[in-house]
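Notes follow the structure.
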Amino acid sequence: MGETVQKPTVPEQAGAPAVESTSAGREPLLEVDHVTLRFGGVVALNDVDFTLYKGEILGLIGPNGAGKTTCFNAMTGIYQPSEGEIRFRGERITGKKKHQITKMGMARTFQNIRLFPEMTALENIQVGADAHHKTSVISALFRLPRHRREERDGIEKAERLLEFVGIPNRMHDAARNLSYGEQRRLEIARALATDPVLLCLDEPAAGFNPAEKEELLQLIRKIRDQGVTVLLIEHDMRLVMGVTDRIVVLEFGKKIAEGLPAEVREDHRVIAAYLGVPDDDVA
């Protein structure tokens with residue numbers, strides 16, 4: 001037995017949601033069913049298995065290189081699993097294209113902000129709204145009534161979303177001129193413009209100061225209150241513990257823990273993964 005290691009302290013959050021750990025009576029929205037993903041001889045995901053239920057905020061956490069973003073990429077059609085399958089809204093999405101999954105109601109943000117820098121904030125969100133437009137090329141070319149109506153609706157939606165994420169005053173500013181935090185909010189607004197039932201956020205608090213993180217926490221709750229289920233990758237444990245209903249923990253591509261935030265915080269396997277020490281050395 002090695003030297004006793006002090007557990008990392010993660011403060012309780014007064015506003016943290018309280019949910020039952022049982023899945024009885026809850027509606028599955030996303031099912032990751034024993035998914036393995038290999039790149040040559042490298043196993044990026046190893047038999048990962050979890051369910052996300054409608055209406056919850058689920059945290060997907062783990063040390064760097066744990067496979068969190070790879071899991072997001074497998075869910076959103078960027079990568080195809082080598083084994084297992086992924087179901088969304090009861091339908092198998094393994095093998096579907098990115099745009100097909102988006103139209104089914106899944107949207108995401110990225111670790112590295114992917115906005116159109118020369119376009120305005122309003123125009124960036126309109127790109128997201130275009131995901132559900134039904135206008136044909138001919139209709140758009142000749143600006144027929146249906147195209148004009150969809151264009152008008154897209155502008156109105158973009159304006160509402162800028163208000164929702166708290167940056168309505170930056171509507172006509174180029175995305176590159178927004179602050180880092182405002183760009184993060186804009187990316188979330190663009191994802192919401194696709195009318196998702198599931199929003200996947202990949203490290204949305206990266207680079208934020210404490211005040212911005214608190215505002216983000218409130219925004220994530222507000223998104224869930226609007227009926228959008230949230231899957232969150234995040235390294236800031238205070239934010240994760242304060243906003244999630246349940247947490248799934250990955251290490252080296254394999255799930256090592258799952259449960260309520262209070263349960264995960266005390267799990268010796270999670271402590272060992274974050275401290276980089278063997279399980280037996282954690283007391």
_Residue pair L115, Q183: steps toward the side chain to side chain contact (heavy atoms under 4.5 Å, CB included) verdict_ = CA-CA 8 Å; L115 296 170; Q183 288 183 19; 3.8 Å; yes

*Are the side chain of E234 and the backbone of A205 linked by a donor-acceptor contact shorter than 3.5 Å?*
yes

*Heavy-atom pair with the smallest gap, counting every atom of H34 and D47*: ND1-OD1, 2.9 Å

*Any donor and acceptor pair, going by atom type alone, linking the side chain of K96 with main-chain N or O of G77 inside 3.5 Å?*
no

*Judged by atom type as modelled, is there a donor-acceptor pair below 3.5 Å linking the side chain of T51 to the main-chain atoms of E31?*
no

*Do you know which two heavy atoms are closest between A257 and V270, and how far apart they sit?*
CB-CG2, 3.6 Å

_With rounding to the nearest 0.5 angstrom, report the CZ to CD1 distance, R265 to I271._
10.0 Å

*Hey, does the Lys NZ or Arg CZ of R160 hover above the aromatic six-ring of F164, less than 6.0 Å from the centre and inside 45° of the axis?*
no

*Do D225 and K222 sit within salt-bridge range, that is, some charged N less than 4.0 Å from a carboxylate O?*
no

*With rounding to the nearest 0.5 Å, note down the distance linking CD1 in I61 to CE in M241.*
5.5 Å

*Less than 4.0 Å between a side-chain N and a carboxylate O, is that true for R224 and D245?*
yes

*Of all the heavy-atom pairs spanning L239 and K213, show the shortest one and how long it is.*
CD1-O, 4.0 Å

*Hey, does the side chain of R108 reach the backbone of D202 with a donor-acceptor pair shorter than 3.5 angstrom?*
no

*asked:* Under a 4.0 Å threshold between the charged nitrogen and the carboxylate oxygen, would E56 count as salt-bridged to R26?
replied: yes

*For a side-chain contact (heavy atoms from CB on, under 4.5 Å) with C71, tell me which candidate from I86, T76, L45, V248 qualifies.*
L45

*Single-linkage hydrophobic cluster, 4.5 Å side-chain cutoff, F252 and V264 together*: no

*Between I247 and E258, is any pair of side-chain heavy atoms under 4.5 Å apart?*
no

*Between atom CZ of R38 and atom CG of N46, what is the distance when rounded to the nearest 0.5 Å?*
8.0 Å

*Identify the two heavy atoms, one from P81 and one from T94, that lie closest to each other, and give their separation to 0.1 Å.*
CD-CG2, 3.7 Å

*Can you list every ring pair (Phe, Tyr, Trp, His ring centres under 6.0 Å) pair that touches residues 65-98, not counting sequence neighbours?*
F39-Y79

_Verdict with reasoning, R269 to D267, per salt bridge (charged side-chain N to carboxylate O under 4.0 Å, His left out)_ = CA-CA 5 Å; R269 295 165 298 180; D267 192 300; 2.7 Å; yes

*Looking only at heavy atoms, which two atoms of P63 and L250 are closest? And how far apart?*
CD-O, 3.5 Å

*Quick one: pull up CZ in R184 and CG in L178 and give me the separation to the nearest 0.5 Å.*
13.5 Å

*Can you name the closest pair of heavy atoms from F208 and E212 and give their distance?*
CA-OE1, 3.3 Å

*Partner set under salt bridge (charged side-chain N to carboxylate O under 4.0 Å, His left out) for E163, not counting sequence neighbours*: none

*Note, P28 side chain near L52 side chain (heavy atom, < 4.5 Å)*: no

_Nearest-0.5 Å distance that lies between atom CG in L192 and atom CZ in R190_ = 11.5 Å

_Rounded at 0.5 Å granularity, tell me how far CZ in F50 sits from CG in L231._
5.5 Å

*Charged N to carboxylate O below 4.0 Å: is that the case for E187 and R185?*
no

*Check for a donor-acceptor pair, side chain of N124 on one end and backbone N or O of F116 on the other, with a separation under 3.5 Å.*
yes

*asked:* Restricting to salt bridge (charged side-chain N to carboxylate O under 4.0 Å, His left out), what partner residues turn up for K254, sequence neighbours left out?
replied: none

